[in-house]
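Data block below; observations after.
All of these numbers come straight from a predicted model, not from anything done at the bench. One is the number of the first residue; the rest follow in order along the sequence.
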Amino acid sequence: MGQCVTKCKNPPSSLGSKTGDKESGSKSHGKKSAVPSEEINTMCGKASGDILVNGTKKTDLVLESTQPQLAHSGDSKKDESVVILNEFSLKRAEEFFSRYKDAHEDAILEEGMESFCNDLSVDPTEFIVLILAWKFQAATMCKFTRKEFVEGCKALNADSIEGIRARFPSLMNEAKVEDKFKDLYRFTFQFGLDSEEGQRSLRREIAVALWKLVFTQNIPSILDQWLIFLSDNPSGVKGVSRDTWNMFLNFTQAIGPDLSNYSEDEAWPSLFDTFVEWEMERRRREGLADQTPHIHKESANVEMLGLIATDYES
């Protein structure tokens, strides 16, 4: 299938397996909350350069504009009788879905997803593919039901490969809007679960991969250390709970990069307490390491002065 942020057959090692895991522990929320608690890849295959595939006709092209337009009457090079259509067509969307539909199930599955990504000329690990899954409200990785696909196309006002590609810039910008990103962030946790296995928490490796992906455009200053902490896993975490996932977004917004305003008395998940202790200890060790060359230099200077004084006295 090729590597993708999915739970398709043969997923990359960073995504782990489908087996559900024990959730990471959380502190009691009887304390006063620091911030309100919030509720909170993707496809398959390699990219190809050709976007006019599977018999797509030029007359089916959907151009991005807000109103149907007529050719300018003053331009002799344009045919005044040609109307550039941009209206969504349910029939074309259904036909679009049929190109990738599985032969035995009324859904787009692994091979169809691979072809879909190929036709879109995108790498399946790109952020835009996660955004598409979000806009289609896909319930399962590497699968689109007919309803998800057609309703997703309708939401994008696009019923062709060219139409979807034309929406990429606006979709990337939409994901930068705070409330839209929060919705995408919540979606990503649910999307990463294996509903068929009844998972309630993300495997640690999958959570790390999805955090890297979802923060593609706006990387929190603490993200790298958070992911290193999870990879080193000093607290033995196997799974990331929904509460931990949700609260991490709040953590990145409320806590400064120096972590000085973090308080264990607030209602943060207990894993955050462990992370802050780990990170502060790491910074203390690095601070001592930075001072070590100066200490050695000062010792060398004292020794040199002693030798000079001895030579002078003799």
Side-chain angles (χ1 to χ4, degrees), residues 4-7 14-15 24 33-43 64 117 120 122-142 144 148 151-158 164-193 201-230 240-257 259 261-262 266-269 271-272 275:
C4 54
V5 187
T6 69
K7 284 179 288 186
S14 63
L15 297 177
S24 58
S33 175
V35 286
S37 179
E38 299 288 350
E39 278 210 68
I40 61 153
N41 130 27
T42 41
M43 299 182 190
E64 185 175 37
C117 283
L120 286 170
V122 296
D123 189 292
T125 61
E126 290 182 51
F127 182 49
I128 188 62
V129 183
L130 177 64
I131 294 177
L132 280 180
W134 167 55
K135 298 302 288 187
F136 282 32
Q137 287 297 291
T140 305
M141 283 185 175
C142 212
F144 281 148
E148 289 169 349
E151 291 297 318
C153 287
K154 184 177 180 181
L156 295 180
N157 192 31
I164 290 178
R165 284 185 56 82
R167 301 298 186 269
F168 281 2
S170 61
L171 288 173
M172 294 290 284
N173 287 331
E174 181 179 354
K176 295 178 182 179
V177 179
E178 183 176 356
D179 61 333
K180 297 293 185 180
F181 177 76
K182 184 180 292 184
D183 189 64
L184 170 62
Y185 183 84
R186 294 170 182 159
F187 166 84
T188 302
F189 178 86
Q190 186 63 40
F191 188 58
L193 297 176
S201 63
L202 291 175
R203 285 183 62 88
R204 177 172 53 88
E205 297 86 352
I206 294 178
V208 168
L210 290 178
W211 261 315
K212 288 179 181 178
L213 185 63
V214 77
F215 282 116
T216 294
Q217 293 194 122
N218 186 20
I219 304 175
S221 59
I222 201 64
L223 180 65
D224 285 345
Q225 291 308 314
W226 170 248
L227 298 182
I228 291 173
F229 165 74
L230 290 177
V240 173
S241 69
R242 184 185 298 273
D243 182 58
T244 298
W245 178 273
N246 293 349
M247 294 295 284
F248 182 70
L249 179 59
N250 296 350
F251 180 89
T252 64
Q253 296 169 341
I255 305 303
L259 305 176
N261 61 331
Y262 182 83
E266 303 293 352
W268 296 110
L271 183 62
F272 291 11
F275 165 65

When rounded to the nearest 0.5 angstrom, what distance separates [atom1] in [X] from [atom2] in [Y]?
| X | Y | atom1 | atom2 | result |
| --- | --- | --- | --- | --- |
| I128 | L171 | CD1 | CG | 5.0 Å |
| I131 | E126 | CD1 | CD | 10.5 Å |
| S221 | L259 | OG | CG | 8.0 Å |
| E174 | K135 | CD | NZ | 3.5 Å |
| T188 | D183 | OG1 | CG | 9.5 Å |
| F248 | Q253 | CZ | CD | 10.5 Å |

Worksheet entry | Geometric class of the F191/F187 ring pair [parallel <30°, tilted 30-60°, perpendicular >60°] | parallel
Practice prompt. Measure the acute angle between the ring planes of F215 and F181, then classify it against the limits of 30° and 60° as parallel, tilted or perpendicular.
Written response: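 Ring orientation, 0 to 90° scale: tilted.
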Minimum heavy-atom separation for [X] to [Y], with atom names?
| X | Y | value |
| --- | --- | --- |
| M172 | Q217 | O-NE2, 3.0 Å |
| A207 | V240 | CB-CG2, 3.7 Å |
| P124 | C117 | CB-SG, 4.2 Å |
| R167 | L156 | NE-O, 2.9 Å |
| A254 | N261 | O-ND2, 2.9 Å |
| L213 | F127 | O-CD1, 3.3 Å |

Is a side-chain donor or acceptor of [X] paired with a backbone partner of [Y] at a separation under 3.5 angstrom?
| X | Y | answer |
| --- | --- | --- |
| D243 | P269 | no |
| D123 | V129 | no |
| E148 | A139 | yes |
| R165 | L120 | yes |

Evaluate the side-chain proximity of [Y] to [X]: yes if any heavy-atom separation is below 4.5 Å, no if none is.
| X | Y | value |
| --- | --- | --- |
| F251 | F275 | yes |
| L271 | L230 | yes |
| K182 | D179 | no |
| L202 | L210 | yes |

Discussion item. Under 6.0 Å between ring centres: does that hold for W226 and F272?
Written reply: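 Yes, they do, as the ring centres are separated by less than 6.0 Å.
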Worksheet entry | Evaluation steps, side chain to side chain contact (heavy atoms under 4.5 Å, CB included), between N218 and K176 | CA-CA 8 Å; N218 186 20; K176 295 178 182 179; over 6 Å; no
Item to complete: Ignoring hydrogens and angles, state whether a donor on the side chain of Y185 or W211 is under 3.5 Å from an acceptor on the partner side chain.
Response: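 Per modelled atom types, Y185 and W211 side chains form a pair under 3.5 Å.
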Practice prompt. Step by step, work out the side chain to side chain contact (heavy atoms under 4.5 Å, CB included) result for T252 and L223.
Written response: CA-CA 8 Å; T252 64; L223 180 65; over 6 Å; no
Item to complete: Evaluate side chain to side chain contact (heavy atoms under 4.5 Å, CB included) for L132 paired with F168, printing each intermediate quantity in order.
Response: CA-CA 9 Å; L132 280 180; F168 281 2; 4.1 Å; yes
Fill in: Criterion side chain to side chain contact (heavy atoms under 4.5 Å, CB included) on V208 and E205, from CA distance to verdict
CA-CA 5 Å; V208 168; E205 297 86 352; 5.8 Å; no
